[in-house]
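Labels below follow one simple rule: chain letters A, B, ... track the order of the sequence lines, proteins then strands, and each chain is numbered from 1. The analysis underlying the following values was restricted to heavy atoms, covering all of them including side chains, and did not include hydrogens, waters or symmetry mates. Nothing here was measured: the structure is a model prediction, and the numbers come from that model.
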Amino acid sequence: MKSHDVLIVGGGLAGLMAALNASSGADVAVLSKIYPTRSHSGAAQGGFNAVLHDDDSIEAHVFDTVKGSDYLGDQDAIEVLCSDGPQVIYELEKMGVLWTRAPNGAIAQRPLGGAGFPRACFAADFSGHVVLHTLYEQILKRGVKVYSEWHLLELIVDEGRVAGAVVYDLATARVEIIRTKQIVLATGGYGRAFAKTTNAHANTGDGMAIAYRAGAVLSDMEFVQFHPTTLYGTNILISEAARGEGGYLRNAGGERFMADYAPAKMELAPRDVVARAIFKEIKAGRGLEGHYVHLDLTHLGETLVADRLPQVRDLAIRYAGVDPVAAPMPIEPAQHYSMGGVRTDTSGVSTLPGLLAAGEVSNVSVHGANRLGGNSLLETVVFGRRAGKKAAELARKTSFSGFSMETAKRLLEPWNTLLSVLPATGPRDDSAFAVRREMATLMTNQVGVFRTGAELESAVTALGLLKERYSTLPRPGGAHPFNYALMDYLELGYLLDLCEIIARGALARTESRGAHFRLDYPKRDDINWLRHTFACRGEGGPEFSGGAVAITSHKPQQRGY
Amino acid sequence: MDVALKICRFDPETDTCARMQEFAVSLAENRTVLDALLLAWEQDPTLSFRRSCRSAICGSCAILINGQPALACQTLIRKATATGGPLTLEPLPHFRQLKDLVVDLEPLFESLKAAVPWLLLDDRYNGRMTPEAVCKIENPATCILCGICQADLGQAEIKPAGVVKALRFALDPRDTLGKHRLRLLQLPPEVLRLFVAQLPRNCPKGIDISSAPL
């Protein structure tokens, strides 16, 4: 049986940062369902927020983040995020990250939404890619063991703590057990729960769902971020950096409509505000062809677009047939990010002993009800680093659990049974593809930017029916190499679990806060709802409870931009 | 539009050699070859191919499209079918086929290691870099390790991913080795020059280091 002191699941920014920081004090391995450099962190474009300038301050970054979170973020965690930021940026620089530079040679910074200062460090509009590849280089330098194209299937809980994982090697179609002292989840989000999403095919919420099934608490799952600017039709991300560099949003009449919604911040209001504004314009009949609005960069000039937004330009030319230097881009909002996730403390420690989490899979909570652009990349490296150090420290104090070979055999049995099922052949009435499509359409249409009690209730019912259908689907087993149908089937199960928690959480929360907007409860309600939503697995589905929000220095105020 | 696909199938457990399977799918002409593959997959869920980001940044979906190595997610259907005839999709050449369109990437990732693929920070680095210096490295730093250049060249003596990485660090003023990295590659200069000249031909990220001092 394989064993590692610390197993990091996920090879994106949070996972690799955790692996690097754990590797000096423990035997560490990274397990990732795709090659680490393929992780969706690499698609992040805009930047990493950090206070580097004398005219900026940690306090200002904290305040912007707290206000951006609509006061649901835990202020003690936000203080950690913002205070650790500058040091991590310089650490990354020394690893080789190619930060874009100001004329004086210092790290350049650009404004992103909801920030009172231009504080996002960036590498053109390849910020995530450049840091991901740099961290991968560091993993190679340290000789950290990487299991690429291995899936986590199940967390093994023995005597109340996580003692290992059941894992699956896609290439050999073998199920194995890895014995661990500590596991760090860094598996990212669940964007594929939505039909319209910027997320990669890999983003199916595996870690969140598997942690939930093992008994960990998920928090604030009803808070789902919709990115305002994705290419109309394909939902390919057009970075907030496009607005940070001076891009305008225009309706069919050519008006910069943000003046009506956020006169002070305009296009650089937080994402929840901008996404709602776009939909309101479209609903009021001021969208183009009734479906989208324009993101206009034509006044910025070719040099700036080529230097600062080369990827945005390529993407728009290729996927929308529009060169943003010459014409405005058609854009619509789409699911982008999960504020909720596995509840952790500021060291990444979850409610389940032996399990840590960092990055989008986690909920520390630094984003509260709405995340600011530039804060998620920062979160991955700050909390990936902290979780890695903590996991190594905890591993030194832990010994491997003594679960027996018998137990291991019993754990493997259902998975081996699944693998021995021969895939059904011939035409079928129902398929995982059909269930997944219906689920994703339902989530986009009924659990999206604007929500109502009636629609959420019908969504919960429909999701229940989809879960029933899922349980009767033929299982695409067979121990074949690269059996993606089997992975797709398992991923759909994860997504259905998470959708139920998201929809039920949204139905219960009878207020509007950040990205969660209820048309039937359009006001924030601090008296009843200034609290986290905790979800944990019960007999008949998720059981919900409330958790206190850490408020240190900023009392909730009216949030306007 | 209706598109006829011919996709290379190979299952190491049942097949002795690869065969082509035909599919018919229907999709808008501004969709991509990856979208066509996803539709084919729904018709036959045993089809295996890698994919993730769908926006040409993860490098997963590099395959042979009508005989040319390319990213499926970056190739529009309109363009791929412009010459008429069925759209032929095969695994990258010069890699071992593991199943259908999935090839063995271990040699590609392993080949990086020989290039000492990390920054060896020069003690004299003072935290400043000119925008011009950064600009020069940005282009090779966009390498997504997709393997297309390796499939295109097929020269055993060149490990392209490592070469691009080495050139990226050779251009970095923070690196202790700097230009000496080129010698570490142990490649005859003419071989290196030829590689650099041919690289832009198929690189999906447009990496062009032909002006770098070699």
- request: Can you tell which part of A:L98 gets under 4.5 Å to a heavy atom of chain B, answering side chain, backbone, both or neither?
  value: both

message: So for A:A479, is it side chain, backbone, both, or neither that comes closer than 4.5 Å to the heavy atoms of chain B?
response: backbone

task: Go through B:C53, B:A56, B:S60, B:A141 and name the one with the most non-hydrogen pairs under 4.5 angstrom from chain A.
output: B:S60

task: Side-chain contact test, heavy atoms from C-beta onward, threshold under 4.5 Å: evaluate it for A:W99 versus B:V134 and give yes or no.
output: no

- request: Please flag which part of B:L76 lies under 4.5 Å from any non-hydrogen atom of chain A: side chain, backbone, both or neither.
  value: side chain

query: For the atom pair CG (A:L231) and OG (B:S55), what is the distance rounded to the nearest 0.5 Å?
result: 9.5 Å

- prompt: Is chain B contacted by the side chain of A:T37, its backbone, both, or neither, given a heavy-atom distance below 4.5 Å?
  reply: both

query: Tell me, do B:E13 and A:P481 make a side-chain contact under 4.5 Å, heavy atoms counted?
result: yes

Portion of A:A102 that has a non-hydrogen atom of chain B nearer than 4.5 angstrom: backbone

task: Would you mind checking which part of B:K79 comes under 4.5 Å of any heavy atom in chain A, side chain (CB onward), backbone (N, CA, C, O), both or neither?
output: neither

message: Please classify the contact between A:T234 and chain B as side chain, backbone, both or neither, with a heavy-atom cut-off of under 4.5 Å.
response: both

field: Passing candidate, side chain to side chain contact (heavy atoms under 4.5 Å, CB included) with B:C58, options A:H129, A:H40, A:R38
entry: A:R38

task: Taking the side chain as every heavy atom from C-beta outward, state whether A:F433 and B:P45 have any pair of such atoms under 4.5 Å apart.
output: yes

message: Please determine whether the number of non-hydrogen atoms from other residues, nucleotides or ligands lying under 6.0 Å from atom CZ of B:R128 exceeds 12.
response: yes

Contact leader toward chain A among B:L105, B:N30, B:T130, where contacts are heavy-atom pairs under 4.5 Å: B:L105

task: Mind telling me whether A:Y35 and B:F109 have parallel, tilted or perpendicular rings, with 30° and 60° as the class edges?
output: parallel

A:I34 side chain near B:R50 side chain, heavy-atom distance below 4.5 Å: no

query: Closest heavy-atom contact between A:Q138 and B:W118?
result: NE2-CB, 4.1 Å

- prompt: Checking heavy atoms, do the side chain of A:Y90, its backbone, both or neither come under 4.5 Å from chain B?
  reply: neither

message: Is it the case that atom CZ in A:R174 sees more than 12 heavy atoms from other parts of the structure closer than 6.0 Å?
response: no

- prompt: B:D11, B:I144, B:D104, B:D175: which one forms the most heavy-atom pairs within less than 4.5 Å of chain A?
  reply: B:I144

query: Where is the tightest heavy-atom contact between A:A202 and B:S52, given as atom of each residue plus distance?
result: CB-OG, 3.3 Å

field: Leading residue by heavy atom contact count with chain A [cutoff under 4.5 Å; candidates B:R54, B:R168, B:R51, B:E106]
entry: B:R54

- prompt: Picking from A:M95, A:E149, A:Q311, which has the most non-hydrogen pairs under 4.5 angstrom with chain B?
  reply: A:E149

message: With a 4.5 angstrom heavy-atom cut-off, is it the side chain or the backbone of A:T197 that approaches chain B, or both, or neither?
response: backbone

task: With a 4.5 angstrom heavy-atom cut-off, could you sort out which part of A:R437 is near chain B: side chain, backbone, both or neither?
output: side chain

query: Do you know which two heavy atoms are closest between A:L140 and B:K113, and how far apart they sit?
result: CD2-CE, 3.8 Å

- prompt: Could you state the interatomic distance from CG (A:D307) to CD (B:E138), rounded to the nearest 0.5 Å?
  reply: 8.0 Å

field: Heavy-atom donor-acceptor pair, B:R174 side chain to A:G96 backbone, under 3.5 Å
entry: yes

Straight-line distance of A:H133 NE2 to B:T142 OG1, nearest 0.5 Å: 9.5 Å

- line: Ranking A:N104, A:V130, A:L315 by heavy-atom pairs under 4.5 Å to chain B gives rank one to A:N104

message: Walk me through whether A:E93 and B:L119 qualify under side-chain contact (heavy atoms from CB on, under 4.5 Å).
response: CA-CA 10 Å; A:E93 177 192 24; B:L119 181 75; over 6 Å; no

message: Using modelled atom types and a 3.5 Å cut-off, is there a donor and acceptor pairing between side-chain atoms of A:R318 and backbone atoms of B:Q74?
response: yes

- prompt: With a 4.5 Å heavy-atom cut-off, do A:F482 and B:L98 have their side chains touching?
  reply: yes

field: Side chain / backbone / both / neither for A:D314 at chain B, heavy atoms under 4.5 Å
entry: neither

task: Give, as side chain, backbone, both or neither, the part of A:Y484 having an atom under 4.5 angstrom from any heavy atom of chain B.
output: both

